[in-house]
Amino acid sequence: MTFAAKSAPASSADDSPQARRYNRIHRWLSVADFGIGFAFLMVLLLTGWTGWLRDLALRRGFQNYALALFIYLFSLLVIAKGLGFPLDYYGFRLEQKFQLSTQKFRSWFWDETKGFLVGLVLAGIVVELLYFMIRQWPQHWWILAWALFMGLFIVMAQLAPVVLFPIFYKFEPLEDEDLRRRLVLLSEHAGTRVRGVYRWKLSEKTKKANAALTGLGNTRRIILADTLLDNYAPDEIEAVLAHELGHHVHKHIFKSILMQAGVTLLGFWAANWVLHVAVDHHMFEELSDFANLPLLALTASVISLVLMPALNAYSRYNERQADRYAFESIATVEPFISSMNKLASQNLAERTPSKWIEALFYSHPSISKRVAAAETWRTQNTGSQA
Ligand SMILES: [Zn+2]
């Protein structure tokens, strides 16, 4: 194969109208979903319905604070799910329309139900702890809550591959001897060891392919979708493995947790400030009035929205680093390039999204940039390789 010196495709011609359309609708769905959640929180606060819901929860909860808080949270989540459901359903239909889904309605609906219940349990734990701290230590709750949350976050990161993911997907240890041998060689080259590689049964839900490095400590593992394992050549899978190993070697999960710690600290500081302002302006009687929960959620949404471009830029930086690690670890970059092209077609991804879209929304560099980086690397390193 030959590549022109400047072969990075700069035109949009290489993305099918179908891929463009699918991604455009997908983005609008995300924006609408965020907008509905945001509007819901605003309405609760501006109309005073949050106070009415709190009173109702207190009556139903026999004036028990913790129980009433849970009832309040449950009502909020049920209403929010009801409001967002049409969009969720539209998202499910969208995948079918573009022939990406392999899931039937029943299975999808069951996933939604499980997702809601998992969300309820996690949110329940978080919110109960949060208001417990606000009540116990009204002065310093936000610092203490931050410390506790980081602890929870680390525990969740460790448990996720063994407790959370299996609720939705099946995993089994990778049996393929050839791939295992390749991974051992890659790991030895890296001077590290990943505990395991798992086959991730994604084909029950979608035709899309994916791979990831997950877990912490003894749950650290690489997961490879069966949609990838069954359709890609061993060299291509090795390139994907090398990329995931790059994340491991560069300690990206640990660094992301550090980053998360900074963001969460800022979030709690802002939440405390916002709650104090609200109490000073008599929106709420006291800090521990859980009718102010929508205000906390709103603060969190605004902060994550404002920081999203920066966090995505950081994520793309990590992805470039993992790609570079892959280039160095595999014999030639060709399998990397072909795996990228396969991935783009299979996932109906846009190879060349607009500059702004990529900067704001993309956690990975666009496929065209990743391929271009591989080509540049090859040009610079040709001759130095056997
Ligand atoms: Zn990656």
Side-chain angles (χ1 to χ4, degrees), residues 23 157 160-161 164-165 169 171 174 179 182-183 186-187 189-190 192-200 202 206 208-216 219-229 231-232 235-260 308-330 333-353 357-377:
N23 284 283
L164 219 51
F165 302 164
Y169 299 100
F171 294 91
L174 191 67
L179 281 177
R182 283 171 190 255
L183 178 78
L186 281 173
S187 302
H189 168 83
T192 178
R193 205 168 71 87
V194 175
R195 307 262 168 178
V197 181
Y198 287 77
R199 183 183 175 88
W200 171 18
L202 205 55
T206 178
K208 290 178 176 174
N210 212 338
L213 175 75
T214 63
L216 270 184
T219 66
R220 173 60 54 84
R221 60 191 60 187
I222 292 174
I223 55 176
L224 294 170
D226 55 354
T227 44
L228 189 139
L229 287 168
N231 298 307
Y232 290 55
D235 277 351
E236 292 169 336
I237 299 171
E238 185 181 24
V240 175
L241 271 173
H243 169 93
E244 300 305 336
L245 204 60
H247 283 306
H248 178 71
V249 169
H250 286 291
K251 301 191 165 35
H252 285 159
I253 292 188
F254 175 70
K255 287 176 186 166
S256 300
I257 290 175
L258 280 188
M259 186 68 107
Q260 196 64 43
M308 189 177 68
L311 291 176
N312 274 336
Y314 175 66
S315 169
R316 290 195 301 270
Y317 172 82
N318 284 347
E319 295 301 332
R320 283 196 297 274
Q321 220 170 25
D323 276 354
R324 231 165 12 246
Y325 183 85
F327 305 158
E328 289 161 10
S329 316
I330 54 184
V333 295
E334 265 68 32
F336 177 87
I337 296 175
S338 60
S339 71
M340 280 294 130
N341 285 323
K342 269 192 186 176
L343 207 61
S345 325
Q346 191 176 0
N347 291 5
L348 213 53
E350 282 179 301
R351 288 179 169 82
T352 51
I357 297 284
E358 184 174 346
L360 293 176
F361 298 112
Y362 273 50
S363 61
H364 289 61
S366 63
I367 300 271
S368 65
K369 284 192 180 158
R370 295 178 79 177
V371 168
E375 286 167 353
T376 306
W377 194 90

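Both counts, for ligands and for their atoms, begin at 1 and track the order of listing.
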Got a sec: is His247 within less than 2.8 Å of the Zn ion (ligand 1) via an N/O/S atom?
yes

Could you tell me if His247 and Gln321 have a donor-acceptor pair between their side chains, going purely by distance under 3.5 Å?
no

Here the gap from Ile223 atom CD1 to Tyr198 atom OH, rounded to the nearest 0.5 Å, amounts to 11.0 Å

N/O/S of Glu319 less than 2.8 Å from the Zn ion (ligand 1)?
yes

Taking the inter-plane angle between the rings of Tyr314 and Tyr317 on a 0 to 90° scale, is it parallel (under 30°), tilted (30 to 60°) or perpendicular (over 60°)?
parallel

Can you tell me if an N/O/S atom from His243 lies under 2.8 Å from the Zn ion (ligand 1)?
yes

More than 12 non-hydrogen atoms from neighbouring residues, nucleotides or ligands closer than 6.0 Å to NZ on Lys251, yes or no?
no

